[in-house]
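Okay, structure first, notes after.
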There are 2 protein chains.
Amino acid sequence: MLTEERHQLIRDRLAADGKVLAGELASRFGVSEDTVRRDLRELAKAGQLRRVYGGAVPSGPFAAAPLSQRSRHAVEEKTRLARAAVALLGTGQSLFIDGGTTNEAIARAIPRDMELTVATNSLGVASALTDLPLVELIVLGGRYVPDLGTCVGTDTLAAVAQLGADLFFLGSCGLDITRGVTAFDSAEAEVKRAMAKNSAGIVIAVTNDKLATAAPYRVAGADAIRHLVVERTAPAATLADFQSRGVQVHFA
Amino acid sequence: MLTEERHQLIRDRLAADGKVLAGELASRFGVSEDTVRRDLRELAKAGQLRRVYGGAVPSGPFAAAPLSQRSRHAVEEKTRLARAAVALLGTGQSLFIDGGTTNEAIARAIPRDMELTVATNSLGVASALTDLPLVELIVLGGRYVPDLGTCVGTDTLAAVAQLGADLFFLGSCGLDITRGVTAFDSAEAEVKRAMAKNSAGIVIAVTNDKLATAAPYRVAGADAIRHLVVERTAPAATLADFQSRGVQVHFA
DNA sequence: GCATGTTTTGCCCGTTCATGCAAGAAACAG
DNA sequence: CTGTTTCTTGCATGAACGGGCAAAACATGC
C-alpha cells in the first residue's frame, strides 16, 4: 500500500462521506493509527482537509456556514482580541463596524450596559448587536456578498455617505507597513474607504496571521490607523514599524 | 461520532427547524446531555447560535423570545404554512419579504436549488437566506427596530423605491376583511406600503390567531391581496369574505 | 553484491482532549 | 414559596495526539 494511494483513498472517502475516522482508516488500510494520523496531518497541511479530533472533515466548500468554523484556538484568540478592542470604547460613541469574524467577535464582546450607535454592513455583526438593548443599530443595506458576509455596492456607499462615526472597526484585511490596509475585493475596499473617510479614527484588530500580509486592493495607509489590537505573541519588529507611524498598539 | 460532526448536525437542524432541544439532541446522537450542552456552549461562543434554557435557537433576531414562548405547535404550524407559501414561487422571480416569524419560516423553507432575487428589511429573513447559493440577496438597510426585527426609516424607504418585485411576502400584521392589512407601528406600515406599491402581487401567510384582528396603521385593502395562505383549521366564513374580494386562498 | 542514505512505518511516552459523572447553582413551573 | 428541571463547574478516565526513536523497506552509488 503506497502512501500516495492511501492519500487518494482518504480524499475519496472524505468527498463521499463528509468525514473520516482515524481508527476506521487504520483498520481499513491495515496500517497503524500513527500512520493514518501522519497522512491526515500531511493532507491538512496541504489544505486538502481539515483535521479534527478523531479524524478529519472536508475543508473549504463543505463549510457552508457563513461564519465558517475556525479552530478552537482561533475562536478564543479572537475573543481575547475582541475584549481588548472593546476596552477602547466609550459610552455614547458612534461606530462603523464592517465584516469579518474578528469584528463579529468584537460585536459580541460589547457589554449589555454600553450605550452606542453602530452602523454596520455585516449581517453577522448586526445579528450580534440585536441583543443589546442600549445599542442604536443602523444596518447598511446593499447587495449581499456571501463570501464576505457583508453588503456592498452603491446602496451601501450611499448609506455610509450620510453617516459619521467616532471610530471605525476595520476588519478581515491584509495589513502591511508599506502597503497599509488592503482588501481582497474591489467593492469591499470601496465600502471600507467610505467608512474610513467618514470616521474620526480607525481601529484594527488582527490575529498574527494577518500581520505582514497584503491583498490586491488598497484601503488606507498604515498611518491612517489610530489603534491596532494584536495578540501578545505578535512580532515586535512589525509592531515597532507601526508605532513609528503613530499607531497606538494594544495587546489582547 | 466526531465532535465536529455533531456541531454540523446541530447547525443544520437549527437552520431547518429554527430550534434544537438539548435532550432530544442527546438521544439522537447517543451521547450524554452534558456533551450536548458543551457543544451548544461552544457554538454559542462562536456566535453560531444562541443558547436558551432547554436548547438553542438561531443567533440574531430569532432569539428574542424564550423557547417556552415559541410553542411547539406554533413552530410546526408556521413551518407548514411556509411550505405552502413557497409552493407559490417560481424560479427566477424577484421578491420583497418583510419581517415576522412566519416570513422567517418561509425564508428557511426555500429550497436550495431555487433561483431568486430577494430584497428584505428583516435581519432574520436575511440570515436565513445567506445559506442559499442561488438567491441574490439585497438587504434593505435603515434604523433597526429590535421589537420588529426589521429595518425601517427613510433609508429603507429610499432603498425600496429603487426596486420592484413580482411578489411581496407581507408578514406579522393584523388582517381584517373591512380594514384590510394593518400594522402595529407607523414606520413599519410605511415600509410595507412602499413594498406593496412596488410589487406585482401580495402574499400573506397567517396563523389563525392573526385572522380577524386589526392594528392601528393601515397598509393595504383586503382586495390588494393576491394570495392568502392559512391553516386548514381557519374559519371558512372569514376565508369566503376574502375570496369574494378576489383573494386566492391556499391551505397549508 | 555491498554499503550508504533516505523514506516509511510502528512503537513508546508524556500530553492534550472529549466525555460522563457528581455536586452545587440557577432557572423554570406550579 | 417549593419542587423539579436544566445548567455550570470540577474532576476522573480513557481515547487521541505529537514527538522522538529505531527497525524495516526502499533507493542510490560503488
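So you know, we letter chains A, B, ... as the sequences are listed, proteins then strands, and number each from 1. No hydrogens, no waters, no symmetry mates; every other heavy atom, side chains included, goes into these values.
Under a 4.0 Å N-O distance rule, the pair A:Arg11/A:Glu4 qualifies as a salt bridge. For the pair B:Glu42 and B:Arg38, the salt-bridge criterion is not met [side-chain N within less than 4.0 Å of a carboxylate O].
The OG1 atom of A:Thr91 lies 9.0 Å from the CG atom of A:Leu134; values are rounded to the nearest 0.5 Å.
For A:Tyr53 and B:Ala22, each mapped to the nucleotide of DNA chain D holding its nearest heavy atom, the one lying further toward the 5' end belongs to B:Ala22. Where A:Glu42 and A:Asp34 meet DNA chain C, the nucleotide closest to each residue was compared, and A:Glu42 sits on the side nearer the 5' end.
Counting to the nearest Å, the P atom of C:dG20 and the CZ atom of B:Phe29 are 13 Å from each other. Between the CG atom of B:Leu40 and the C1' atom of C:dA18 there is a distance of 16 Å, rounded to whole Å. Nucleotide C:dC17 holds its P atom 16 Å from the CG atom of B:Leu2, rounded to whole Å. Residue A:Asp39 contributes atom CG, which lies 13 Å from atom P of D:dC17 at whole-angstrom precision. Taking atom CE on B:Met1 and atom C1' on C:dC17, their separation rounds to 18 Å, with Å as the unit. What separates CD of A:Glu24 from P of D:dA15 is a distance of 18 Å, to the nearest Å. The interatomic distance linking A:Glu33 (CD) with C:dT8 (C1') rounds to 18 Å, in whole Å. Straight-line distance from the CG atom of B:Leu21 to the C1' atom of D:dT5: 14 Å, rounded to whole Å.
Distances shorter than 4.0 Å separate some side-chain N or O of A:Arg41 from OP1 or OP2 on D:dG18. The side chain of A:Thr35 places no N or O atom within less than 4.0 Å of a non-bridging phosphate oxygen (OP1 or OP2) of C:dC11. Contact check, B:Ser32 against C:dA18: no side-chain N or O comes under 4.0 Å of OP1 or OP2. In terms of phosphate contacts, B:Arg51 brings a side-chain nitrogen or oxygen within less than 4.0 Å of OP1 or OP2 of D:dC7. The phosphate of C:dT9 has OP1 or OP2 within less than 4.0 Å of a side-chain N or O from A:Arg6.
When A:Val203, A:Leu95, A:Asp98, A:Ile225 are each tested for a side-chain contact (heavy atoms from CB on, under 4.5 Å) with A:Phe168, only one passes: A:Asp98.
Ring geometry for A:His250 against A:His227 counts as tilted: the plane angle lies between 30° and 60°, on a 0 to 90° scale.
Distances were taken from every side-chain heavy atom of B:Arg38 (C-beta onward) to each of C:dG10, C:dC21, D:dA16; the shortest belongs to C:dC21.
Across all strands, A:Val52 comes closer than 4.0 Å only to sugar-phosphate atoms, never to a base (heavy-atom distances).
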